[in-house]
Amino acid sequence: MNYISTRNRSITATAAEAIAQGISEEGGLFVPDCFPTLDGEDFKALCALDYIGRAKTILKPFLNDFTEEEIAHCVEGAYTGSFENEAPAPLVKMAEGAYVLELWHGPTCAFKDLALQLLPYLLVTSAGKTAGGKKTVILVATSGDTGKAALEGFCDVPNTEIIVFYPSQGVSTMQKLQMASQKGENVHVFGIHGNFDDAQTGVKAIFTDPAVKAALAANNMQFSSANSINWGRLAPQIVYYVSAYCDLLNRGEDLQNGFNVVVPTGNFGNILAAYYAKKMGVPIAKLICASNANKVLTDFIETGIYDRNRDFYTTISPSMDILISSNLERMLFELSGGDDKQVAACQAQLAKTGRFEISPEVKAKMDEIFWGGFCDDNATRDTIARTFTEKGYLCDTHTAVAVNVYEQYRQATGDSRPCVIASTASPYKFADSVLTAVGQKKADSEFDKVRLLSELTHTSIPAPIAALENAHVRFKEICEKDQMASAVFAALQITPD
């Protein structure tokens, strides 16, 4: 296996090169030129392993220039002692045939931990093979959860610096506090006046700016990414979907007709990882894409037209407040049969006009695999309340979107196959909204709300959330979206030519 660019197949890279570089030189995303496949015997063997063992097995073919010892070092370092009960991705039964894949038992209480505890190990190993002693600068745009998970993962990692940009008015109070209080000598955090798409666009522009890259090179530095545009961020997410299938098998579920997966997503990375698991042999029947009021993906799946020229909504599920879904580019590459010219044309049209339309052939393939739905904030709150009252399960504002869209899917199709719902964050990261949903508004401070939520629902406050109450706020700076490059130079203490 090697890696090729979605916009130019002639550009190739090893795993280490793809991870260290983060993004292809012309702006394309790296994808494997082939995928490993798993059969019944493989799954039988995986079922007998713990999460660490499954991760080593699944990731091995993707890390084509890593030794087995290096893979073991990375995986064991990432997943040992970092997750509650040593269980990174527990599968919890919510109702008959409906399971919740809880991906938020790590150090930042969000699904990004599953990848961002591992990425620093992968990146340091990759840089050792490719960077020639250069310092790696991790540049991140976040809609809330990636930022903290990346900061935590790269905190004080030798020979790295990490710079995170987030929309100053587009994350929850708890998400902002998590980032602003981050410890570490190599971490830098900036809010921006704008939304996540502005932050993401700014980061991509910095990545591909020759003058910026030259200034870094002159100071013996190079960029890489912790966003899911980096293959090293995406590959670990495949693991938990394969692992969920193994857990279903171990529970004795009837999967002869496969099972469905529901993913609340904005940037399309988490659901793309589920698609890759399907491509490898996991019998996923339908991938159900759940959106909030920023339903650009729902409309795309329904019409085949991607159009970001629309109103942007700030919602109670802020990690999905996205109109430019970067990882959709990788899916277009798959659906078009690896047609790099078609992908490049779509991305160029998106950059120029804010929209593109896929061919009828690609649309037909997408219809076979995906189903899209959305719900607004009122429906999200209602779903939180109903799910807790009727099923005894407390979910956050993103997982509630997935539960709601799953209900829509069942009603529209009658499909009763077993289902796995990706639960992306602890409800305590969004205590204000969750409390409102269950009818309580009396608490004043953010941590009074956390305590009240615990008392009301008889659930435990996650230790990483509780520890934030007395955390020292280090980062308060907010910049304009067109000043992000200057912020990077200031953080790195270098001067552009």
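One is the number of the first residue; the rest follow in order along the sequence.
- Gln21 and Asn230 form no side-chain donor-acceptor contact under 3.5 Å, judged by distance and modelled atom types alone.
- Salt bridge absent: Arg9 and Asp33 never bring a charged side-chain N and a carboxylate O closer than 4.0 Å.
- Note: Phe196 CZ to Thr146 OG1 = 7.0 Å, rounded to the nearest 0.5 Å.
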Exercise for the section: Apply salt bridge (charged side-chain N to carboxylate O under 4.0 Å, His left out) to Glu25 and Lys213, showing your working. Expected result: CA-CA 11 Å; Glu25 60 192 24; Lys213 288 195 287 187; over 6 Å; no
Exercise for the section: Carefully, step by step, assess Lys56 and Glu68 under the rule salt bridge (charged side-chain N to carboxylate O under 4.0 Å, His left out). Expected result: CA-CA 9 Å; Lys56 290 178 185 177; Glu68 287 199 21; over 6 Å; no
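- Not counting sequence neighbours, the partners of Phe190 by the ring-ring contact (aromatic ring centres under 6.0 Å, His included) test are Phe165.
- Applying the 6.0 Å contact sphere to OH of Tyr51 captures more than 12 heavy atoms from other residues, nucleotides or ligands.
- Sorted pairs that involve residues 343-358 and meet side chain to side chain donor-acceptor pair (under 3.5 Å), not counting sequence neighbours, are lacking altogether.
- For the pair Lys148 and Tyr166, the cation does not sit on the ring face, since its NZ or CZ is not both under 6.0 Å from the ring centre and inside 45° of the axis.
- Here the rule is side-chain hydrogen bond (donor to acceptor under 3.5 Å, both in side chains) with Asp321, and of Asn195, Thr314, Asn292 only Asn292 fits it.
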Side-chain donor-acceptor distances from residues 461-473 under 3.5 Å, at least two apart:
{"from": "Glu469", "atom 1": "OE1", "to": "Arg451", "atom 2": "NH1", "distance (Å)": "2.9"}
{"from": "Glu469", "atom 1": "OE2", "to": "Arg451", "atom 2": "NH1", "distance (Å)": "3.2"}
{"from": "Glu469", "atom 1": "OE2", "to": "Arg451", "atom 2": "NH2", "distance (Å)": "3.3"}

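- Closest approach of Leu122 to Pro236, counting heavy atoms only: CD1-CG, 4.5 Å.
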Exercise for the section: Please step through salt bridge (charged side-chain N to carboxylate O under 4.0 Å, His left out) for the pair Glu334 and Arg330, ending with a clear verdict. Expected result: CA-CA 6 Å; Glu334 290 291 330; Arg330 284 187 168 113; over 6 Å; no
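- Within 6.0 Å of the NZ atom in Lys60, the count of heavy atoms belonging to other residues, nucleotides or ligands does not exceed 12.
- Under 4.0 Å is where a charged nitrogen must lie from a carboxylate oxygen, and between Asp432 and Lys449 at least one such pair does.
- For the residue pair Pro36 and Pro61, the shortest heavy atom distance occurs at CG-CG, 3.7 Å.
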